[in-house]
Protein chains: 2
Amino acid sequence: MSMDAVFKALADPTRRQLLDNLHARNGQTLNALCKEMGMTRQGVSKHLAILEEANLVVTRRRGREKEHYLNPAPIAEIADRWIGKFEQGRLRALADLKKRLEGPSDE
Amino acid sequence: MSMDAVFKALADPTRRQLLDNLHARNGQTLNALCKEMGMTRQGVSKHLAILEEANLVVTRRRGREKEHYLNPAPIAEIADRWIGKFEQGRLRALADLKKRLEGPSDE
DNA sequence: TATATAGGCAACTAATTGGTTGCCTGTCAA
DNA sequence: TTGACAGGCAACCAATTAGTTGCCTATATA
C-alpha cells in the first residue's frame, strides 16, 4: 500500500471514474462496471487490478462473481499525511469556510 | 488548471519531491533545485514545466534567474472537492466493508 | 450433461513518459 | 566586450502504460 501506488492509481481519469462508480454503488461486479465505461472488460479489469494494488479497491469472491468495494483509507491517509501539509494556514481556512457556506454535499 | 493535470503532476515521486523542496524553501531557482535532485538540469526543467502546467508551481523571472514558488491552491481544491467526498463516509464505509468481508471466504 | 456466464491470463500494438545529450538565447560581471 | 552563467528548445531513446484480441478456467443453470 505504498503512497506512490495510490498517487499513480489516482492519476488516471478512468480509474477515478471507477472509484466514483463504486462510491455511487458499492460492491459492483466487473461486468456491471464495464457497462458504465466505454471499454472492454479486460481494459476495465486491468484498471481494477491497479486500484486493488493500491488498496483503493478490495474484492470478495461470490461464486463466479467478484464484488468490488471502495476502500477510502488510502485516500484519507494521503489527505492527512501529505496534502495536509500544503493546506496549512490561510488557504485551509478559506477552503473550510467555502465548504461551510456550500453546505454538506456529496459533490 | 484541470484536475486531471494536477493528479498527473502529483503522480510522479520526483515531482512530489520538488514540491517538498519548495515547501521547505520557496522561490528556488532551477539550478538550486537541480542540486537536490540526482538528475540533469533539463530533466528537472521538464518536471517543473509539468508542475507549472498544473498550476502547482508559479514562477517569477528575476534577470537571468527564474524563481519557483509553490502554489498550494490546486492541492487544496482537490482535497476539498474530490478527496473530501471519499473521506466523508469513511467510517461508515469502513464499518460496512468490515461487515461485508466477514464470513466464509476463500481468500 | 451441456451451455451460457463471470472472470483470468498472455501477447501484442500504439501512445506516453522519464530521462538523456547537444545546442541556442539571454543576462550579468570582469 | 568578452566570457561565464542561467535557462530554453528539440531530438532522441528506453521504459512504461492504455487498450486491444484471443483463448483459457470456473461456476451456475436449463
Side-chain angles (χ1 to χ4, degrees), chain A residues 2-22 25-54 56-70, chain B residues 2-22 25-70 100-101 103-107:
Chain A
S2 81
M3 194 173 77
D4 186 63
V6 179
F7 271 113
K8 282 203 162 71
L10 293 178
D12 186 274
T14 302
R15 288 194 284 271
R16 291 198 299 275
Q17 194 186 335
L18 280 169
L19 293 184
D20 284 338
N21 284 343
L22 289 180
R25 185 152 42 103
N26 217 0
Q28 293 186 70
T29 69
L30 172 58
N31 273 312
L33 288 165
C34 278
K35 276 168 192 131
E36 315 194 45
M37 325 289 293
M39 201 182 303
T40 61
R41 177 175 54 84
Q42 292 81 354
V44 176
S45 183
K46 279 176 140 191
H47 283 297
L48 285 173
I50 291 172
L51 290 169
E52 271 192 73
E53 183 71 24
L56 284 163
V57 162
V58 292
T59 62
R60 176 190 191 179
R61 218 63 234 224
R62 283 222 137 216
R64 64 178 168 183
E65 297 190 343
K66 191 177 176 185
E67 299 168 340
H68 297 78
Y69 296 94
L70 173 65
Chain B
S2 81
M3 194 175 75
D4 187 62
V6 179
F7 271 113
K8 281 204 163 69
L10 292 179
D12 186 273
T14 301
R15 289 193 284 272
R16 291 197 301 274
Q17 193 186 335
L18 280 169
L19 293 183
D20 284 339
N21 285 342
L22 290 179
R25 184 152 41 106
N26 217 1
Q28 294 185 69
T29 69
L30 172 57
N31 273 313
L33 288 166
C34 278
K35 279 171 190 126
E36 316 195 44
M37 325 289 293
M39 200 182 305
T40 61
R41 177 176 55 85
Q42 291 82 353
V44 175
S45 182
K46 279 176 138 190
H47 283 297
L48 285 173
I50 292 173
L51 290 169
E52 270 192 75
E53 183 72 25
N55 203 32
L56 284 163
V57 162
V58 293
T59 62
R60 174 189 192 183
R61 260 248 119 102
R62 283 226 137 216
R64 65 179 167 180
E65 298 191 342
K66 193 175 175 186
E67 298 168 341
H68 296 78
Y69 295 93
L70 173 64
R100 284 179 195 268
L101 290 183
S105 166
D106 51 22
E107 250 195 321

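Convention: sequence-line order gives letters A, B, ...; per-chain numbering from 1.
In this structure, of C:dG7, D:dA28, D:dG8, it is D:dA28 that holds the atom nearest to the side chain of A:Arg64. The side chain of B:Lys46 lies closest to C:dG18, out of C:dG18, C:dT27, D:dG7. Nearest to the side-chain atoms of A:Leu30 among the listed nucleotides C:dG19, C:dG7, D:dG7 stands C:dG7. Comparing C:dG8, C:dA4, C:dT20 by their closest approach to the side chain of B:Met39 singles out C:dT20. Listed nucleotides: C:dG7, C:dG19, D:dG7. Nearest to the side chain of B:Thr29: D:dG7.
The side chain of B:Ser45 contributes no N or O atom lying less than 4.0 Å from OP1 or OP2 of D:dG7. Note on B:Arg61: every side-chain N or O is 4.0 Å or more away from OP1 and OP2 of C:dT27. Between A:Lys8 and D:dT17 there is no side-chain polar atom (N or O) within less than 4.0 angstrom of OP1 or OP2. Look at A:His47 and you won't find any side-chain N or O under 4.0 angstrom from OP1 or OP2 of D:dT17. When the side-chain nitrogen and oxygen atoms of B:Asn31 are compared with OP1 and OP2 of D:dG7, one or more of them lie within a distance under 4.0 Å.
With hydrogens and angles ignored, no donor-acceptor pair closer than 3.5 Å exists between the side chain of B:Gln42 and the base of C:dG18. Taking 3.5 Å as the limit, the base of C:dG8 and the side chain of A:Arg41 contain a donor-acceptor pair of atoms between them.
Comparing A:Gly63 and A:Gly38, the nucleotide of DNA chain D nearest to each residue sits closer to the 5' end for A:Gly38.
Within the 4.0 angstrom heavy-atom criterion, no nucleotide atom of any strand lies near B:Arg62.
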